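Encoded as C-alpha cells, the structure appears first; notes follow it.
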Amino acid sequence: KEVQKKVERTKRLKQILEDYEISLAEFCIHYNLYYFGITTALVGFKSVGDIVQVTSNLQEKLMRERIEEVMKTWNNIS
C-alpha cells in the first residue's frame, strides 16, 4: 500500500517535470546537489545513452528556483 502511494507520487512528479522539459533523473540529481551539499552523485546506468543523458544534464545547471517551483507544485497536488 505504501509502495503504491510512492509510485503514484512519482508518476505525478514525472508529469509535472514534462511541463518543464526536465527528466526525472536530471531533477533528482540536481535536487540532491542543491539541497544536501553533495558534491558527487553516484548514478546507476543501464546503457551508454543513460551516461550521455546524465552527463549532459549536469553540464546545464538547473536553477534552484525551478527546483523549488516544481517541489511546490508537486507538494500541492500530492
Side-chain angles (χ1 to χ4, degrees):
K1 197 172 190 179
E2 190 65 31
V3 172
Q4 185 61 31
K5 286 181 185 178
K6 290 178 182 179
V7 170
E8 292 303 319
R9 279 184 49 88
T10 303
K11 286 180 181 178
R12 286 193 291 269
L13 176 59
K14 286 176 76 172
Q15 290 171 342
I16 293 166
L17 293 173
E18 285 177 9
D19 293 338
Y20 289 91
E21 298 179 356
I22 302 169
S23 72
L24 183 60
E26 178 183 11
F27 179 80
C28 291
I29 291 168
H30 284 281
Y31 178 86
N32 282 294
L33 291 173
Y34 275 121
Y35 285 97
F36 300 107
I38 296 170
T39 56
T40 304
L42 299 176
V43 181
F45 302 106
K46 292 183 181 180
S47 68
V48 173
D50 291 346
I51 296 170
V52 171
Q53 178 188 11
V54 169
T55 55
S56 65
N57 290 340
L58 290 174
Q59 298 298 319
E60 298 178 21
K61 285 267 185 181
L62 190 57
M63 293 187 321
R64 186 180 194 127
E65 294 81 18
R66 179 159 289 180
I67 292 172
E68 290 171 353
E69 187 176 328
V70 168
M71 290 303 298
K72 182 178 179 181
T73 303
W74 187 41
N75 287 326
N76 286 340
I77 66 167
S78 295

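The shown structure was predicted, so the numbers you read here are calculated from the model rather than taken from an experiment.
Atom CG of residue Leu13 and atom NZ of residue Lys11 lie 13.5 Å apart, to the nearest 0.5 angstrom. Summarising the geometry, atom CD1 belonging to Ile16 is positioned 13.0 Å from atom NZ belonging to Lys14; distances are rounded to the nearest 0.5 Å. Taking OG of Ser23 as the start and CD1 of Ile29 as the end, the distance is 7.5 Å to the nearest 0.5 Å.
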Under the side-chain contact (heavy atoms from CB on, under 4.5 Å) rule, what do Arg66 and Ile22 come out as? Steps first, then yes or no, please.
-> CA-CA 10 Å; Arg66 179 159 289 180; Ile22 302 169; 3.5 Å; yes

Margin query: Pair Glu26, Tyr31 - check side-chain contact (heavy atoms from CB on, under 4.5 Å), show working.
Written below: CA-CA 8 Å; Glu26 178 183 11; Tyr31 178 86; over 6 Å; no

ask   = Under the side-chain contact (heavy atoms from CB on, under 4.5 Å) criterion, do Asp19 and Val70 qualify, and how do the steps go?
value = CA-CA 10 Å; Asp19 293 338; Val70 168; over 6 Å; no

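Shown here for Trp74 and Arg9, the closest heavy-atom pair between the two residues is NE1-O, 2.8 Å.
Linking ILVMFWY side-chain heavy atoms closer than 4.5 Å, directly or via other members, places Ile77 and Leu24 in a single hydrophobic cluster.
With sequence neighbours excluded, the residues satisfying side chain to side chain donor-acceptor pair (under 3.5 Å) with Glu8 are Gln4. Applying the side chain to side chain donor-acceptor pair (under 3.5 Å) rule to Glu69 yields the partners Tyr20; only residues at least two apart in sequence or on another chain are considered.
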